[in-house]
Amino acid sequence: MAEREQIRKPAPAKKDAEEIDEAPATSEKGEKIKAELDDLLDEIDDVLETNAEEFVRSYVQKGGE
Amino acid sequence: MAITKICGIETEYGIVIRGVDESNPIAASSMLINAYLHETRKVEPAAAPDVGWDFEDESPGNDARGGPSPGAMAPEVETHLVNAVLTNGARYYVDHAHPELSTPECADARSVVVFDRAAEQILIESMDAAKRALPDGQEIVVYKNNSDGKGNSYGCHENYLMDRQLPFGRIVSHVTPHFITRQIFTGAGKVGSEAGGLNHVDVPFQLTQRADFFEEEVGLETTLKRPIVNTRDEPHCDATKYRRLHVIVGDANLSEVATFLKVGTTCIVLAMIEDDALPRDFIFNAPVWALRRVSYDLSLRAPLELVDGSTVTALEVQWELFDRARKYADSYGLECVGEAVGAEVLARWESVLTALETDPMSLADQLDWVAKYRLIEGYRDRHDLEWDDARLAAMDLQYHDLRPERSLFARLGMERITDDTEVMAARTEPPTDTRAYFRGKCLQRWADDIVAANWDSLVFDIGREPLRRVPMMEPSRGTEAHVGTLLADCTTAAELLDRLGS
């Protein structure tokens, strides 16, 4: 967890013009989506499955149709 | 003229039982559905009629290319598992080892989106009901996806009403290019590949859940050697006039825009095939390969080889289909797919293709694969992960988790084309503009007098012998406009049967 704290980027405040220029998405809409994504990534660890490896391993379905 | 494109979606959901050592997905699926029916009956008895499914007309072994197919593995009809018909005209049942919900017959793509969302809501309520019925610490969780990431797939099938007179071969040759290339907006996205021989470097992320599982161009099977065009010939209506095109190649979508486009564009393409308005055939050299190539290509620019030696990209094929569709709308009108909805489909089709061409990531609030890719790629970048990291595979699965508090999709705030009021109503109220109206309304009012129901009939038992089967062989009849007054005038099922003529 400590490692993750270090890597985690600070929560984005208002984007300034320079940051917008660097962003790969070009449109205004793309920028809005990017800002929302950053916010989401800031909070997502709270909802993600706690043991990803075990969760993925145990998700086994029978074929259907 | 093209016939009205009555359509619907059947979705098999992934299912997990948490808090137990060993689980049986068939028992869990039954438990899930029964818990929903039981709880709904307590609150609102008329909304969950105790009426079984009638298997009289089930014949999934019939092949559109002519008669039953002796060599093919036709699916067996499972008659012993829970199988309910709902007052919105839907069927809610256990299929193989999954809970499955088939929407009622809908008259247009927008209506399909409403009833598909209503289906999700029914699954959410089912999970809640099951949780209350299970011991503490146990929970049934449902996923709206198509793969477990280990090579096991389950389907989201679309159905479209077609004119029986149209030779099946013509449908196959014209609809195959659409199925191969529509993936650029219908894909639900997937981390990695399950096709075998491909690792996370070859395919870190692909557009669709399903492309890995297709091995044939045309065929009857749905569970192995899956074909791009499925030939199941089981129209569930007047077989001399209609066929039901059973489409198994699509992904289950959470995005409303993706479902709308998936069904809407396909309705228009099928109408154009019926009216012979598609002069150019894109005949792919290797359709199965092309299907996967499109799914694995996030640039959307991969050249796909045609039999004449030339190449096209998925975007080019979609642009040509769109241009044809716009001309078709000008000369034929779009009544067969709903005028207003058809116009919405065209507008959205154009805007999405334009965005895919110029800035695909701008569709992160509209298309599933883009939304999922942006989210997972953003997480990967932030934590410096490889594409084979289990955390990314877990996020992929969790995108499809239907629990509102766990669903990653639900956190993305994707564009809606429905509203909550109509979705909540569609849990129990049928569409007004197909025969599902007659089925749903009869079940709401006279469930005690109905012993069985299926797509094309209701069987009444009003105490007289013998049982009365009311056939519904015309999917466009039995609408509110057609039978609304009749139903309102009848107090009892016996009166209805008398009025219908004995």
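Residue numbers begin at 1 in each chain, while the letters A, B, ... track the order of the sequences.
Ion pair B:R18/A:E49 flagged as a salt bridge, since at least one NZ, NE, NH1 or NH2 atom sits closer than 4.0 Å to an Asp/Glu carboxylate oxygen.
Looking only at atom types and distance, the side chain of A:Y59 has a donor-acceptor partner in the side chain of B:N145 under 3.5 Å away. The closest side-chain donor-acceptor pair between B:R244 and B:N159 falls under 3.5 angstrom. Inspection of the A:E65 and B:H157 side chains reveals an N or O donor paired with an N or O acceptor under 3.5 Å. A donor and an acceptor atom, one from each side chain of B:S255 and B:D368, are nowhere located under 3.5 Å apart.
Heavy atoms of A:L37 lying under 4.5 Å from chain B belong exclusively to its side chain. Interface residue B:S147: only backbone heavy atoms are found under 4.5 Å from chain A. Proximity to chain A (any heavy atom under 4.5 Å) is restricted, for B:E405, to the backbone atoms N, CA, C and O. Using a 4.5 Å cut-off between heavy atoms, B:I15 contacts chain A through both its backbone and its side chain. With a 4.5 angstrom heavy-atom cutoff, A:E53 touches chain B via backbone and side-chain atoms both.
For the set B:L375, B:I248, B:V16, the count of heavy-atom pairs under 4.5 angstrom toward chain A peaks at B:L375.
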